[in-house]
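Along the sequence shown, residues carry numbers from 1.
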Amino acid sequence: MWQGNVTERKAGPPEVGVSVIIFALAHTHDEHGGKAKRDELWIPLVRRVREPFKGMWALPGGDLLAGRSLEWSAFVALESTTNLRPRYLEQLYTFGDPHRSGSALPMVSIVYWALIGSAQVDELRDGDNVQWFAESALPPLAFDHADIIKYALNRLRSKMSYPDVASKLVGPRFTLRRLHDVYEAIAGRTFDLGNFRRKMLASGQLEETGEKLAEGRHRPAAVYRYIPGVVAVGNEVWKSWDTQLNPKPGDGVAARIGSGASDDILSPLTTD
């Protein structure tokens, strides 16, 4: 371990650790259990108990463990802080801006992430110094964790046109209304349902199963599934909203490094 006074340590190699971001797609209800609200993405955050940024919220994280892989260290960091045990974590990106720790010692974070499918908000239990927040209502965050979350959201949104990603979130069979709700949750904004339905049906990715499903007070709706092996290149449903969802030049970390991200598919990222 690097020794010396603070000035010497600041001039030395940075500390290296792991951070973990978990997105949970949760279906919420109003306070009186009445009309259901749209799905939202929720994220567990940990309140820091030491400097730097003592008292602020941050992504779960920890140190690298001797004799263990990076993945194992990420699993341990997540379980020890949130008690979550996903089957799989995928490496997202390494963040090492020299100013990300403020005036403290330089730090590099190797970030892992995973996505939890449908859940109820009451299943997302808070713990000691741990609290779940809706992505639309995040508190001020320590370090550059707000940029990390923005970057992860951009990566997720860029893959929503892949059938194996969308079906992991909505299931193998779904109504167009349900698919619409999930797209809205990931995008964090509303889309006209009629326009969404027309574009999805025109994409050539979906086929009817012949089943019907009642949704609340609405008449039974047709159930669809993705056609195996069919990918709508340049999916118009998502493409038409792409400029509104993706970061623009100069928009934080996501814009600076987004073009360097790997082009992996998120199917193994989804966990139970």
Side-chain angles (χ1 to χ4, degrees), residues 22-43 114-124 132-137 153-246 265-267 269-272:
I22 298 291
F23 289 125
L25 185 63
H27 198 55
T28 62
H29 296 269
D30 65 22
E31 297 178 355
H32 306 289
K35 183 180 179 181
K37 297 181 181 179
R38 64 179 175 83
D39 289 348
E40 289 188 86
L41 288 175
W42 291 70
I43 303 169
L115 179 67
I116 299 175
S118 297
Q120 297 294 329
V121 168
D122 57 9
E123 297 174 6
L124 309 179
W132 286 85
F133 291 89
E135 181 271 324
S136 61
L153 279 169
N154 183 54
R155 287 284 301 281
L156 177 58
R157 290 165 178 168
S158 71
K159 302 302 180 184
M160 272 302 294
S161 61
Y162 288 93
D164 53 350
V165 176
S167 61
K168 288 290 185 179
L169 297 172
V170 298
R173 291 174 170 78
F174 47 84
T175 64
L176 288 177
R177 179 177 292 274
R178 176 58 183 154
L179 186 62
H180 166 264
D181 290 347
V182 169
Y183 264 69
E184 284 194 337
I186 301 303
R189 59 175 296 245
T190 59
F191 300 134
D192 177 74
L193 178 58
N195 191 37
F196 178 88
R197 292 169 63 93
R198 287 191 296 272
K199 290 185 176 182
M200 282 305 307
L201 293 176
S203 71
Q205 291 180 291
L206 306 181
E207 63 180 3
E208 289 194 49
T209 64
E211 304 171 25
K212 297 285 186 179
L213 180 66
E215 296 179 314
R217 299 177 181 178
H218 303 282
R219 63 181 182 181
V223 175
Y224 292 83
R225 64 187 173 195
Y226 279 99
I227 302 173
V230 175
V231 177
V233 179
N235 187 314
E236 290 300 323
V237 177
W238 202 252
K239 182 179 178 181
S240 62
W241 300 319
D242 185 59
T243 56
Q244 301 175 48
L245 301 178
N246 287 326
I265 306 302
L266 300 186
S267 55
L269 177 64
T270 308
T271 185
D272 292 333

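- Between Arg219 atom CZ and Leu213 atom CG the span is 14.0 Å, to the nearest 0.5 Å.
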Test side chain to side chain contact (heavy atoms under 4.5 Å, CB included) on Leu41 and Leu25; report intermediate values, then the result.
CA-CA 5 Å; Leu41 288 175; Leu25 185 63; 4.1 Å; yes
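- Ala24 approaches Trp132 most closely through the heavy-atom pair CB-CZ3, 3.6 Å.
- Counting heavy atoms from C-beta on, the side chains of Met200 and Gln205 come closer than 4.5 Å.
- When all heavy atoms are compared, the tightest approach of Glu40 to Ala134 is OE1-CB, 3.6 Å.
- Between Tyr226 and Phe174, the angle of the ring planes lies from 30° to 60°, which puts this pair in the tilted group.
- In this structure a side-chain-to-backbone donor-acceptor pair under 3.5 Å is missing from Tyr224 to Leu201.
- At a threshold of 4.5 Å between non-hydrogen side-chain atoms, the residues Glu184 and Asp39 do not count as touching.
- Across all their heavy atoms, Phe191 and Arg189 have their closest contact at CE2-NH1, 3.1 Å.
- The minimum heavy-atom distance linking Glu208 with Ala222 is given by the pair OE1-CB, 3.6 Å.
- Across all non-hydrogen atoms, the minimal contact from His180 to Asp192 is NE2-C, 4.3 Å.
- Across all non-hydrogen atoms, the minimal contact from Thr175 to Ala221 is CG2-CB, 4.1 Å.
- In this structure, Tyr183 has its ring center under 6.0 Å from that of Phe196.
- With hydrogens and angles disregarded, no donor-acceptor distance shorter than 3.5 Å links the side chain of Arg225 to the backbone of Pro172.
- Residue Arg177 holds its CZ atom at 12.5 Å from CG of Leu179, rounded to the nearest 0.5 Å.
- The shortest distance between side-chain heavy atoms of Ile43 and Ile22 does not fall below 4.5 Å.
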